[in-house]
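A short write-up of the structure that comes next.
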Amino acid sequence: DTAVSQTPKYLVTQMGNDKSIKCEQNLGHDTMYWYKQDSKKFLKIMFSYNNKELIINETVPNRFSPKSPDKAHLNLHINSLELGDSAVYFCASSRDRYGAFFGQGTRLTVV
Amino acid sequence: RKEVEQDPGPFNVPEGATVAFNCTYSNSASQSFFWYRQDCRKEPKLLMSVYSSGNEDGRFTAQLNRASQYISLLIRDSKLSDSATYLCVVKPGQNFVFGPGTRLSVLP
């Protein structure tokens, strides 16, 4: 009965590959997010979608492309992976002024 | 200056101690405020929202001072299970802005 679920949990891949991370929420929230947590544990917003529309796109390389087929899903596609992309990626969702709920994270390792 | 700043920590306290976390934020347009906890290798989990009048949830008390742009979290009678990183979060618009976190270790 997971509220925000993302897959895969672990992803190990070689430099130059293209990979996707999927996220789904069953909370009925209107807004979904992708956050990146680097090795220093700092959580930084990458993208935010509200009702399938992009509302925040921080300074993220355009190798990263979010896709929201409907308001319950927000996927992240990454092209031409680089070593510096290694991090934990968290999907989250929220409604109005309430707090956000996070998925369990995807630990991406680029070798 | 970072948008959200917190005590650098770590805090090492004995069981039963009272511990206070401090946080300041720079964006005066922030409307919503939260404390999250994050356990090692886990996702951040919402601990509590923070309201202007201050609010309490069991052993946890949160305070907000909008004039000083300051948020605090007090944990009373700390338990071993309180060991985690505590993240101060503000929401100036659509985005949740996280502080760097303060690590707490409660020792037996």
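Letters A, B, ... are given to chains in the order of the sequence lines, protein chains preceding strands, and every chain is numbered from 1. Remember, it's a predicted structure, so these values are computed and weren't measured experimentally.
- Under the 4.5 Å side-chain heavy-atom criterion for ILVMFWY residues, no single connected hydrophobic cluster contains both A:Trp34 and B:Val97.
- Residues A:Met32 and A:Phe64 share a hydrophobic cluster, clusters being chains of Ile/Leu/Val/Met/Phe/Trp/Tyr side chains in contact below 4.5 Å.
- Ranking B:Leu46, B:Val89, B:Asn95 against chain A, the residue ahead of the rest is B:Asn95, based on heavy-atom pairs under 4.5 Å.
- Only the side chain of A:Phe90 has a heavy atom closer than 4.5 Å to any heavy atom of chain B.
- Atoms CZ and CD, on A:Phe102 and B:Gln38 in that order, are 8.5 Å from each other to the nearest 0.5 Å.
- Note: A:Tyr35 leads A:Tyr35, A:Tyr98, A:Phe101 in heavy-atom pairs under 4.5 Å with chain B.
- The cluster map of Ile, Leu, Val, Met, Phe, Trp and Tyr, joined by side-chain heavy atoms under 4.5 Å apart, puts A:Val60 and A:Tyr49 in the same cluster.
- Residues B:Phe34 and B:Ile75 do not share a hydrophobic cluster, clusters being chains of Ile/Leu/Val/Met/Phe/Trp/Tyr side chains in contact below 4.5 Å.
- A:Ile78 and A:Tyr33 fall into different hydrophobic clusters, where Ile, Leu, Val, Met, Phe, Trp and Tyr are joined by side-chain heavy atoms under 4.5 Å apart, directly or via other members.
- Looking at B:Tyr36, the atoms closer than 4.5 Å to chain A (heavy atoms on both sides) all sit in the side chain, from C-beta outward.
- With a threshold of 4.5 angstrom between heavy atoms, B:Phe96 approaches chain A through its backbone and through its side chain.
- When A:Gln104, A:Lys41, A:Arg107, A:Gln37 are compared by the number of non-hydrogen pairs under 4.5 Å with chain B, A:Arg107 comes out ahead.
- Looking at A:Leu43, both its backbone and its side chain come within 4.5 Å of chain B, counting heavy atoms on both sides.
- Crowding of A:Lys22 atom NZ: a count of heavy atoms from other residues, nucleotides or ligands under 6.0 Å not exceeding 12.
- Between the NZ atom of B:Lys91 and the CG atom of A:Asp96 there is a distance of 7.5 Å, given to the nearest 0.5 Å.
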